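Notes to accompany the following structure.
Throughout, protein chains are lettered first and strands after them, A, B, ... in sequence-line order, and every chain is numbered starting at 1. Small disclaimer: the values here were computed from a predicted structure and weren't measured.
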2 protein chains.
Amino acid sequence: MAERLTARSARSQEIVEAARTLLEESGPAALTMRALADHLGIKAPSLYKHFPDKQAVEVELIAQMLAESAEAMEAAEAREPGSLPALAEAYRAYALAHPHLYCLATERPLPRASLPAGLEDRAAAPLMRACGGDLDLARATWAFAHGMVILEIHGRFPDDADLDAAWKRGTRALH
Amino acid sequence: MAERLTARSARSQEIVEAARTLLEESGPAALTMRALADHLGIKAPSLYKHFPDKQAVEVELIAQMLAESAEAMEAAEAREPGSLPALAEAYRAYALAHPHLYCLATERPLPRASLPAGLEDRAAAPLMRACGGDLDLARATWAFAHGMVILEIHGRFPDDADLDAAWKRGTRALH
DNA sequence: GACGTCAAGCTAACGCCGTTAGCCAGACTC
DNA sequence: GAGTCTGGCTAACGGCGTTAGCTTGACGTC
């Protein structure tokens, strides 16, 4: 409904790039409007010439994460069509490579209205296909994968837990 | 290591109670030291006579959540020994009844050093038993359950998704 | 070439936030 | 009674997101 139809300006893209660096390298607490402006050599209020608020910058990051993880899943699908373990491995690898971004995009309601149309569906499609269109299985599998990733990112498993084995056990059960 | 060995004072317990009300009724953004103090008829700095910082209050809430969900799981186990679906239902019901508390306790690293000894293990034990001691299966199942709950809390599933069916499908697969 | 417009920077400030320093009143102890 | 401890208080600091309002320079048009 409210999603942008035009690309952002070059400056806006620079801002999003800087925001991403800040987030990925230093975590969510470091992503402040002042730090972001600093990184760009401007003052915080100037950011509001490009984005209405901080959330709008975050939405861009969320969209990036969704698009990139969709790409990762599509690549895995192309490599091993129909393989759930391949998808699971791709999902896990992408999330663990970008933990702060993954959390940002995942630990709050999706700002669906501000996202490019079809992006959410695209991200979900490969898993959907691997589950042969079984919606319930696809959702259960997504929940498993998300749970594994997010619990690992937050260090909730015991230090000595064999997470490879847990992933295998889960994907095998959900084949 | 650093966990408390003595019970908190009566006043401290009142503070934690108020914090819980604030969190559960109004969400994490509403849980500020000033609002908490207001609720108790005192000023924010006075809270620091009872807790070293905000995190210490939150740790108490996390401990409550862990203890209560452990109780819920133990009750489910007593009702239907060895039943994974019964445990899953209890887990889901508790989490959805206290979504803000569940997120607070779950979406960050566990402050293990500040938690009562054995609490984490106690919360995990019923699932462990239902999985017949298969650690990998227990972890995969926990990830599935956590993923389902947290995705539901954050409204990540489509509005028309049949989550009961997805839970059934998942618990069946992971029996 | 002067003029108006507009994009994109700036400073100052507001009202939040967690937190600290330092003061004070009352209760409890010897 | 004197001293200590408990649990309040006010004032303040630095950081946050954000707003208002000013300025400067580039561009397009007469």
Could you go through nucleotides 18-21 of chain D and list every protein N or O atom that sits under 3.5 Å from one of its N or O atoms, giving the distance for each pair?
unit_1: D:dT18; atom_1: OP2; unit_2: A:Tyr48; atom_2: OH; d: 2.8
unit_1: D:dT18; atom_1: OP2; unit_2: A:Lys54; atom_2: N; d: 2.8
unit_1: D:dT18; atom_1: O5'; unit_2: A:Tyr48; atom_2: OH; d: 3.3

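Put simply, the side chain of B:Glu17 does not reach to within 4.5 Å of the side chain of B:Arg20, judged on heavy atoms. Side-chain atoms of B:Trp142 and B:Leu137, non-hydrogen and from C-beta on, never get closer than 4.5 Å to each other. No side-chain heavy atom of B:Thr106 sits under 4.5 Å from any side-chain heavy atom of A:Ile150.
Between A:Ser46 and C:dC10 there is a side-chain polar atom (N or O) within less than 4.0 angstrom of OP1 or OP2. Side-chain nitrogen and oxygen atoms of A:His50 include at least one within less than 4.0 Å of the OP1 or OP2 phosphate oxygen of C:dG9.
Between B:Glu14 and B:Arg11, at least one side-chain nitrogen of the basic residue sits less than 4.0 Å from a carboxylate oxygen of the acidic one, meeting the salt-bridge criterion. Taking 4.0 Å as the cut-off between side-chain N and carboxylate O, B:Asp134 and A:Arg169 count as a salt-bridged pair.
Checked against a 6.0 Å centroid threshold, the rings of A:His146 and B:Phe144 do not count as neighbours.
Across the protein-nucleic acid pair, A:Leu36 atom CG and D:dC16 atom P stand 12 Å apart, rounded to whole Å. Going from atom NZ of A:Lys43 over to atom C1' of D:dT23 covers 16 Å, rounded to whole Å. Between the C1' atom of D:dT6 and the CG atom of B:Leu47 lies a distance of 15 Å, rounded to the nearest Å. In this entry the distance linking CG of A:Asp38 with P of C:dC10 reads 10 Å, nearest Å. Here D:dG8 presents its P atom at 9 Å from CG of B:Leu40, a figure rounded to the nearest Å.
Residue-level contact check: B:Leu31 touches the backbone only, with heavy atoms under 4.0 Å from sugar-phosphate atoms and none from bases.
Listed for the A:Arg92 side chain is no donor-acceptor partner under 3.5 Å among the backbone atoms of A:Leu87. Judged by distance alone, the side chain of B:Arg156 and the main-chain N or O of B:Glu152 form no donor-acceptor pair under 3.5 Å. Side-chain N or O atoms of A:Thr171 include one that pairs as donor or acceptor with a backbone N or O of A:Lys168 at under 3.5 Å.
Annotation for B:Lys54: atom NZ counts as buried by contact number, over 12 foreign heavy atoms lying within 6.0 Å.
Stem list for DNA chain D (at least 3 consecutive Watson-Crick or G-U pairs, distances under 3.5 Å): C:1-30 with D:1-30.
For the 3.5 Å distance criterion, the side chains of A:Glu107 and B:His154 fail to qualify, holding no donor opposite an acceptor.
Of the residues near DNA chain D, A:Thr32 and B:Ile42, the one whose nearest nucleotide (by heavy atom distance) lies more toward the 5' end is B:Ile42.
Within residues 18-28 of chain B, no residue approaches DNA chain D, by heavy-atom distance under 4.0 Å.
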